[in-house]
Amino acid sequence: MIFNDNRFYLFENCQPVKGASNSIICDLQRKDYSYIPNELYDLITEYNGRKTKELLHVYDTETLVEYFNFLIKQEYVHIGNYKNYFPKINLDYHEPSEISHCIIDLLNDFDLNYLQKLANQLEEFRCKNLEIRFYGSMTIQLVCEFLDFLEKNQLFLISIGLVFSNKNASIKLEDMEQLLIDYPRIAYFIVFESEKNQFISPVRSNRTGYIVLINKTLGSSKICGNICQEYFVCNIENFTESLNYNSCLNKKIAIDIEGNIKNCPSMIQSFGNIKDTTLENALNHSEFKKYWNLTKDNIEVCKDCEFRYICTDCRAYTELTHTSNEGLDVSKPLKCGYNPYTGEWQEWSTNPLKQKAIQQYGMQELIRK
């Protein structure tokens with residue numbers, strides 16, 4: 001590496017994010033990220049676009065060579081005097097649908113008519129993504145009839161996720177794999193109470209059509225809110241939404257097992273019951289969107305975390321430690337075991353500082369399982 005009058009430019013699809021003890025570079029094009037020291041973050045953000053020889057006045061040569069060898073190998077930077085070829089990327093987030101995601105929890109037998117009516121209501125919002133979680137039995141024949149209904153009526157729902165217990169559904173792995181081929185609208189299967197934990201790769205080039213087997217019990221909606229590296233999503237859509245909105249609740253709506261309309265099935269506040277309230281009326285409630293604009297930059301601890309734009313959030317289960325001036329819960333998600341101040345992951349459920357919140361949510365039995 002020669003340091004001269006050539007300038008270095010960080011590729012715009014490579015977004016650095018600084019945390020309290022570590023930083024990362026998010027490659028939004030390749031959908032991956034790399035760890036970097038905070039010193040390197042400062043270098044590439046403060047001196048981006050400067051002549052490389054200018055860095056010799058600030059950093060020692062050995063460190064610079066190591067840093068730039070890494071940046072060039074990862075293809076994070078371009079060296080040359082071609083600034084006009086690298087315009088700024090637009091990090092705004094635009095989602096034309098009034099509601100982008102819906103979760104429906106079902107406890108009793110599959111009610112095809114119920115789901116068809118809900119699908120027609122979601123069509124008014126141009127909702128694209130639907131997750132159905134079966135806490136009771138799940139009959140694949142009726143699921144196929146629902147998917148046929150969507151296809152026949154050309155509804156906007158294009159991504160359907162199915163979550164159920166292996167004990168409550170008589171469906172084999174090879175049958176699920178075939179359904180992913182026959183029904184492109186199925187984005188994923190998540191099967192609890194399986195014999196082992198396993199991730200079966202997507203069948204489609206857009207990374208949809210995958211199967212997740214989990215050996216834990218499905219239990220209840222309290223399973224929500226887990227934060228771990230396996231759930232990180234590093235792409236431009238997730239990054240820009242997290243940068244501008246709440247990564248969990250923005251443009252989301254849900255219906256719990258009792259028919260209550262909520263931001264998320266796990267949250268306490270309800271905005272009416274689907275038996276006598278339309279989704280539109282619930283959406284128009286003055287408090288329904290109150291968390292939509294709460295970004296990770298405004299949540300305690302998360303605001304100091306390098307993963308804040310590729311991680312999801314949880315407002316249903318938090319550490320219950322902080323409230324904003326607007327009355328919003330801005331506490332760290334309860335089920336996150338990462339400490340950005342030490343850069344270490346720990347089991348969240350055994351953290352002594354979380355025990356009071358665990359008891360308040362009544363999660364003792366769930367944790368023991």
Do Asn38 and Ser23 pair up side chain to side chain, a donor and an acceptor below 3.5 Å, judged on atom types alone?
yes
Short side-chain to backbone donor-acceptor contact, Asn246 and Leu294, under 3.5 Å
yes
Under 4.5 Å between side-chain heavy atoms, chaining through other members, with only Ile, Leu, Val, Met, Phe, Trp and Tyr counted: pull out the rest of the cluster around Tyr245, sorted by chain and number.
Tyr93
Residues joined to Phe239 in its hydrophobic cluster, side chain to side chain under 4.5 Å directly or through other members, sorted by chain and number, are Val17, Ile24, Leu28, Tyr33, Tyr35, Ile89, Leu91, Phe232, Ile236, Leu243, Phe307, Tyr309, Ile310, Tyr338, Trp345
Take atom CD of Glu62 as the centre, draw a 6.0 Å sphere, and report whether it contains more than 12 heavy atoms from other residues, nucleotides or ligands.
no
With a 4.5 Å limit on heavy-atom distance, are the side chains of Leu64 and Phe3 in contact?
yes
Take Glu241 and Lys251 through the test salt bridge (Lys or Arg N to Asp or Glu O under 4.0 Å) and record every step on the way to the result.
CA-CA 10 Å; Glu241 182 173 24; Lys251 291 182 178 287; over 6 Å; no
Using a 4.5 Å cut-off on heavy atoms from C-beta on, say whether the side chain of Arg185 contacts that of Ser159.
no
Would you list the pairs meeting ring pair (Phe, Tyr, Trp, His ring centres under 6.0 Å) in which at least one residue belongs to residues 195-220, sequence neighbours left out?
Tyr188-Tyr210, Phe199-Tyr210
Whether the side chain of Lys252 engages the backbone of Cys264 through a donor-acceptor N/O pair (distance < 3.5 Å, no angle test) should be reported.
no
Between Phe271 and His285, ring centroids under 6.0 Å:
yes
Please step through ring-ring contact (aromatic ring centres under 6.0 Å, His included) for the pair Tyr135 and Phe164, ending with a clear verdict.
CA-CA 7 Å; Tyr135 291 98; Phe164 54 91; over 10 Å; no
When you compare the side chain of Tyr9 with that of Tyr76, does any pair of heavy atoms fall below 4.5 Å?
no
Any link between Ile44 and Leu56 through a network of hydrophobic side chains (Ile, Leu, Val, Met, Phe, Trp, Tyr) touching at under 4.5 Å?
yes
Indicate the ring-plane relationship of Trp292 and Phe288, choosing parallel, tilted or perpendicular according to the 30° and 60° boundaries.
perpendicular
